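Chain letters run A, B, ... following the sequence lines, proteins first, then strands; residues in each count from 1. Remember, predicted model here, so these are calculated numbers, not experimental data.
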Amino acid sequence: MNNNSNKMFFLFILFFSTLISISSNSWFGCWIGLEINLLSFIPLISNSKNLLSVETSLKYFLTQSLASINFLFMILIKFSLLKNFNMNNIISIMMNSSLLMKMGSAPFHFWFPNIVEGLSWMNNFMLMTWQKISPMILLSYYFNKNFLIFMIIMNLIIGSLGGLNQTSLRKLLAFSSINNLGWMIFSIMISENLWLFYFLIYSMMISMMISLFFLMNMYFMNQLFINNMNFFIKLNLLINFLSLGGLPPFMGFMPKWIIINFLLINKFYFLIFIFMMTSLIIIYYYIRIIYSSFMFNYFKMKWVNLLMKNNMSLINLSSFISISSMILSTFIFM
Amino acid sequence: MMMMKFLFMMIFMIPLCFMKNMFWLVQMMLFFMMFLFMNLNLNIMCFFNMSYMFYCDIISFGLILLSIWICSLMIMASESLFKLNFYFNFFLFNVIFLLIMLYLTFSVLNLLLFYFFFEASLIPTLLLIIGWGYQPERIQAGMYLLFYTLFGSLPLLMGIIYIFNDLNTMTIYFLKFFNMNMYLLYISMIFAFLVKMPMYFVHLWLPKAHVEAPVSGSMILAGIMLKLGGYGLLRVMIFLQEVNLKLNYIWIIISLVGGLFISMKCFCQVDMKSLIAYSSVAHMSMVIGGIMVMNYWGFIGSYILMISHGLCSSGMFCLANINYERLHSRSLYINSGMMNFMPSMSLWWFLLLSSNMAAPPSLNLLGEISLINSLVSWSNISMILLMMISFFSAGYSLYLYSYIQHGKYFQGLYSFYVGSSREYLLLFLHWFPLNMMILKVDFISIWF
């Protein structure tokens, strides 16, 4: 359905479902929120005229409903069998696994790049940012620390190594999202406030990039070289990807810095080494994407014209935010 | 207050880069800032000009001076970008941004902010190499530069935050009261600077990056970026002295033997810039040796050699570019017999190469003598290595001079003009501090 009012309706229910899920008093309410989330996201992504879209929404439905059923079952087992608050048991592992599967985190990530490949950019934005909120917060209510640390390591490694062989921009961002999930799961183990900080900055950076790709209608890496990008768009692409990689002096360095601080306070020395090295691999494939902005002259096609004259202010503003937050972050500790 | 005004001067030069026909004005303003900065009151024994987050020490004073000097000479050397209209506005912005990052690296009080600007100075360098370089290999060169440096500096970030959690301070001045006696912390702190210096085993990024960079990129890389490693080592050794005394022999041996191998490898190079890049590694190997020994003479010698090597290598890259702009080749087979065409340039080749081989009265001589003194006082066996490194550095400098200037010229040359006054001024401004500062060395070599 291409009707905008339908989409607005389902979008409203999507937002509301997340709020139900994270603000409920009982686990059953959380499960209800997750189910309504699934129910309202499917109409947003399915488009009956496009076969790929239908297949994608079906795959999404199957995986998410499997995870939800698992979650419901584990909640019921926990209510009936476990009467203590100890989080280091197998039921918490199962509950966390079902929530991780809902988010698309490793080792349950196999559906995620597939589905991201079948969605448009705006749907991807919803999938990568908003859909992670409720499973993350539910994860923080009852998590098994050892299991989650192992999952973090798997997330980081799979997110960094999986993106090395990709040429589709959507799949690249999917693997980078899996990697950032590793950082986010750690931050939510420390404090929800920290997670919110990381998540907001991550969503802001992803939104800038996705809006850039959406406006230029780019889905693959070879399209980066045949466009007539003017200088500010190239600069914006460069700054955003370097910021997402966590390089100083851009904004994306700040959340990573704070998480490294908490990693060292809690003495996770081996884990922090894995965080660092996988982030280097991620920077490698980001730089492969932004080769076109580094090199100033390459063969461009003259017939490709970008209708971007109306949207330049947004792009300039986002570049300005990415650079100027460096200055803000240097004064924040004075 | 005194340090902040230079920062604001540089920040407000940025809008100036984007106006029309302001190329030479930006360069003139940088020279102006250099002369203003030189007149700061220099108090030798302590930190001076302290304000909220800035300070100036004897080491950082000299290195900031060097960075402003080299940045203004970078703009002077890149006139071809302005004439050919090849994104020179963005180039000027890149240079000023890099200068701001370097200035802040040398002048902030906080160790974490030092790291922040240390990393941030990589981004404009990467843009310079990949944006304005000449060959397709520059992509690989940029990758190597970025990833070698990041691989070293991420453990440095871990170390700095560990120090903060342990000592609750990151002010560089207060670190002298502490003694962190941990091996893993030691390695993670100094590895970044050893990669940046570069030490022998992790030096592979340097020949690639220096060769593929344009002249401005080569100048700033050889001039200042290597010295960031030396400066970091000088600052970090304050609280790592005890571990260093147990482990320094590893780094000294690797760097000195590596310097020997690199000096011998210089004789095999065909590319002019590659030869100068490898000679940078050889000089820096002695600097690493001097810092790691931790005598007073070692620190003095390494600091003097850092400043003099910055000027000398940068001047040699300018000379290589002067040849490249005329002949469009950096190969020694093609650039031969230049004395027949450009005899005045031959004078400058000789002056800068004689400084490179540490002939008197250059500042390199004083640096090498101090370093030889300190390393031999540490162990007598290093005499053999130092003797061979100094001998080979004289050898390859003469080799470079002789192959370029003497001999029969390449028959495929057409015509080019001898040397514009801009180029002579550029080389003079490299050579003059290098050879005249030896007349008053006490302001850089007497630290207490």
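Between F273(A) and L154(B) there is no side-chain heavy-atom pair separated by less than 4.5 Å. Taking 4.5 Å as the limit, every side-chain heavy atom of I161(B) sits out of range of all side-chain heavy atoms of L263(A). You'll find the side chain of L264(A) stays beyond 4.5 Å of the side chain of F164(B), heavy atoms only.
Other residues, nucleotides and ligands contribute more than 12 heavy atoms inside 6.0 Å of the CZ atom of F147(A). Heavy-atom contacts from other residues, nucleotides or ligands closer than 6.0 Å to CG of L184(B) number 12 or fewer. Heavy-atom contacts from other residues, nucleotides or ligands closer than 6.0 Å to CG of N165(A) number 12 or fewer. Counting non-hydrogen atoms of other residues, nucleotides and ligands closer than 6.0 Å to OH of Y269(A) gives a total above 12. Heavy atoms from other residues, nucleotides or ligands lying under 6.0 Å from CG of N222(A) number more than 12. Atom OH of Y173(B) has 12 or fewer neighbouring heavy atoms from other residues, nucleotides or ligands inside a 6.0 Å radius. Heavy-atom neighbours of F12(B) CZ from other residues, nucleotides or ligands within 6.0 Å: at or below the threshold of 12.
For the atom pair CZ (R288(A)) and CD1 (I139(B)), the distance works out to 12.0 Å, reported to the nearest 0.5 Å. Here the CH2 atom belonging to W257(A) is positioned 10.5 Å from the OH atom belonging to Y115(B), to the nearest 0.5 angstrom. Residue K267(A) holds its NZ atom at 8.0 Å from CG of N165(B), rounded to the nearest 0.5 Å.
Both the backbone and the side chain of F151(B) come within less than 4.5 Å of a heavy atom of chain A. When heavy atoms are compared at a cutoff of 4.5 Å, L247(A) approaches chain B solely by way of its side chain, counted from C-beta outward. The contact between Y284(A) and chain B is made by backbone and side chain atoms together, counting heavy-atom distances below 4.5 Å. Interface remark: L146(B) contributes side-chain atoms only to the contact with chain A (heavy atom separation under 4.5 Å). Both the backbone and the side chain of Y162(B) come within contact range of chain A, with heavy atoms under 4.5 Å apart. Using a 4.5 Å cut-off between heavy atoms, L150(B) touches chain A through backbone and side chain atoms alike.
Among L242(A), L238(A), I283(A), the residue making the largest number of heavy-atom pairs under 4.5 Å with chain B is I283(A). With respect to chain A, the highest number of heavy-atom pairs below 4.5 Å among F118(B), F90(B), F86(B) belongs to F90(B).
Between P248(A) and I123(B) the shortest heavy-atom distance is O-CG1, 3.8 Å. When all heavy atoms of M143(B) and I287(A) are compared, the closest pair comes out as CE-CG2, 2.9 Å.
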